[in-house]
Amino acid sequence: MRIVVLVSGTGSNLQAVIDAVQAGALPVEIAAVGADRPGTYGVERSAAAGIETFVVDFKQFADRDAWNAELARVCSSYEPDVVVSSGFMRIVSAEFIERFDGKYLNTHPALLPAFPGAHGVRDALAYGVKVTGCTVHWADAGVDTGPIVAQRAVVVLPEDTEETLHERIKVQERELLIEVLGELARA
Ligand code: GRF
C-alpha cells in the first residue's frame, strides 16, 4: 500500500509511521510527504529519512482553488492508495476529496463528532469533559467530518494543561494511526 502523508507541523505522528515502516512492522510504502508551507519539521525529518518530499505553499497561490488543484495534482503523481492528513491544518476542497474518494484519511485529537476544528484539545479541556481521545476517519469536505474508522479514549486528569493532554492523546493517536494503516494494508 502506497501512502502520501500531508503535514503542517512537527510530524511526530508521521515519525511514528516512519519508524514502524523502517522497523518492518508496517507493510506500507511512504511514497512522499508533503506540506502546505515551507520549513516544516515534518518535511525535514522525512527528507532525513530518505523519503521524497514536496511543498505546495498555500501562500504562493492566488486562491484556495488553485492551491487545491496543485495539491491534488502533486499527490496524484505519487499514485497513492491512501493520502493521510497527519496534523495537516488545512481544509481541502470537495474536488480534492472527490479525487481521493474514500482514500483520504485524517487523524484528529478528540473523540469526533465532539470538538472538531484546529483546537480540539483546548476545546475539550475548556468544556470540562473527563474523557476525550483521538479519531482516525475518512475525511469528507467538512471540518473533521466523515466516516469514523477507529477511536481511542484518553482520560483527562485534573492537572492537565492543553500541552500535557495533547501529548497523552498523541501517544494513543500514533498507535491508532499505525494500527489502522496496518489493517488497511493487510486487507
Ligand atoms: C495531532 O494531534 C493531529 O491530530 C493534530 O495535530 C497533531 C499533529 O502533531 N491535528 P504532529 O505534527 O504529528 O507532531
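Atoms within each ligand, like the ligands themselves, are counted from 1 in listed order. No hydrogens, no waters, no symmetry mates; every other heavy atom, side chains included, goes into these values.
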**Q** Would you say the side chain of L181 lies within less than 4.5 Å of the side chain of L177, judging by non-hydrogen atoms?
**A**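 Yes - at least one pair of side-chain heavy atoms lies under 4.5 Å apart.
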**Q** Apart from V171 itself, which Ile, Leu, Val, Met, Phe, Trp or Tyr residues share its cluster (side-chain heavy atoms under 4.5 Å, direct or through members)?
**A** none
**Q** Is there any side chain to side chain donor-acceptor pair (under 3.5 Å) pair reaching into residues 178-187, and which pairs are they, with sequence neighbours excluded?
**A** R152-E179
**Q** Using atom types as modelled and distance alone, determine if a side-chain donor or acceptor of D123 lies under 3.5 Å from a backbone N or O of G120.
**A**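 A pair under 3.5 Å: no.
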**Q** Sequence neighbours excluded, which residues qualify as ring-ring contact (aromatic ring centres under 6.0 Å, His included) partners of Y104?
**A** F96
**Q** Side chains of R64 and S93: any donor to acceptor distance under 3.5 Å?
**A**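 The answer is no; no qualifying pair exists.
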**Q** Note down each nitrogen or oxygen pair, ligand 1 side and protein side, whose separation is under 3.5 Å; give only atom names and the distance to 0.1 Å.
**A**
unit_1   : atom_1 : unit_2 : atom_2 : d
ligand 1 : 2 (O)  : H166   : NE2    : 2.7
ligand 1 : 2 (O)  : E173   : OE1    : 2.7
ligand 1 : 2 (O)  : E173   : OE2    : 3.4
ligand 1 : 4 (O)  : T107   : O      : 3.3
ligand 1 : 4 (O)  : T107   : OG1    : 3.4
ligand 1 : 4 (O)  : E173   : OE2    : 2.3
ligand 1 : 9 (O)  : K170   : NZ     : 3.1
ligand 1 : 12 (O) : T10    : OG1    : 3.3
ligand 1 : 12 (O) : G11    : N      : 2.7
ligand 1 : 13 (O) : S12    : N      : 3.1
ligand 1 : 13 (O) : N13    : N      : 2.8
ligand 1 : 14 (O) : T10    : OG1    : 2.7
ligand 1 : 14 (O) : S12    : N      : 2.9
ligand 1 : 14 (O) : S12    : OG     : 2.6
ligand 1 : 14 (O) : K170   : NZ     : 2.8

